[in-house]
Amino acid sequence: MEKEKCGIGSENFMTNQDNYMNAFRNNVERYAKEHRLTIRSISEMADVSFSTLNSFLYGNVKDCKLSTAIKLARAFDVTLDELVGAGTMKEEERESLNIVRSYPERTKYIVRWLLKYHKRIMEEHIGEKFIHMLKPKLQKGEGIYFASSFEILNITSVREQVAEKTFMAMQLPGNAYMPKYAPEDILLIGKEGYGESNVDYIVVYNHKIYLTKKCTLENEKYYVDIANTLFRIPMGAEERVIGYVVGVLSNETGKIRTVVSGV
């Protein structure tokens, strides 16, 4: 019978590439403390002898058997890399794992389905470039909000200078940002090179989406809403900076054109 797993993320685990054994011990102790577990209960949960675990944590043992590390990682429901703290996994990958771990099983199923769907599209169109496009909603008088609607967008025809900087897209609902951006304009969003000047930043604040410019007023830095320059978001107060506008795909006279921004 499979033992019940406590299942936490590895956000609080430490990484030490120079002394991974120290990180390993520290992470086991952190796990025990967070779950109020004794060394004996962990030894039973992981099917590792108490003496082995106790010597590893508090004795003079300089190393640990791979089989012991695997048992502990399985019991804690984390990867060997995370538990040992070797740092072979990229921080972005570790963060993504922890986000998915926090989801209920039904949400994990959707995430896997989306990944498989995207993989199938890439396999069917080798040599072409696809990105995800968000399709937020506009609530009258309230602003732009995230919605569950999205599409896969083919940007193979977008010129390379723009496409190589683009990691996702967002289609604007309504006319909130006219005349600069027309309704249904598709904003190509970049994340590399964050901090560039003279570009528009897509910022999330109070669960709403804003198109902003950076500015400094009286030595304070703000994101200023393009549609309402009196509305300012202090830098650091935003929930998230999605990225900056690299280019715009818009329908004019039935043709798609690219309007470059900041490149």
* To do: Sorted by first residue and then second, give each ring pair (Phe, Tyr, Trp, His ring centres under 6.0 Å) pair with at least one member in residues 105-129; sequence neighbours left out.
  =>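 Pairs touching residues 105-129 that pass the test: W113-Y117, H118-H132, H125-F130.
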* Validate the cation-pi geometry between K208 and Y145: distance from NZ or CZ to the six-membered ring centre under 6.0 Å, angle to the ring axis within 45°. =>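 Cation-pi check for K208 and Y145: fails.
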Can a donor-acceptor pair be found, under 3.5 Å and without considering hydrogens, that links the side chain of [X] to the backbone of [Y]?
{"X": "T216", "Y": "N219", "value": "no"}
{"X": "E82", "Y": "T79", "value": "yes"}
{"X": "K71", "Y": "D47", "value": "yes"}
{"X": "D185", "Y": "A182", "value": "yes"}
{"X": "S55", "Y": "S51", "value": "yes"}
{"X": "D200", "Y": "V245", "value": "no"}
{"X": "K137", "Y": "I144", "value": "no"}
{"X": "T166", "Y": "V162", "value": "yes"}
{"X": "E238", "Y": "V203", "value": "no"}
{"X": "E239", "Y": "N206", "value": "yes"}

* SB check E105 K108 (cutoff 4.0 Å) ->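 Salt bridge present between E105 and K108.
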* Going by an N to O cut-off under 4.0 Å, is there a salt bridge joining R120 and E124? ->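 Judged by the 4.0 Å cut-off on N to carboxylate O distance, R120 and E124 do form a salt bridge.
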* Asked: Quick one: which of Y205, Y210, Y177 gives a side chain to side chain donor-acceptor pair (under 3.5 Å) with D225?
  ->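 With D225 as partner, side chain to side chain donor-acceptor pair (under 3.5 Å) holds for just one option, Y177.
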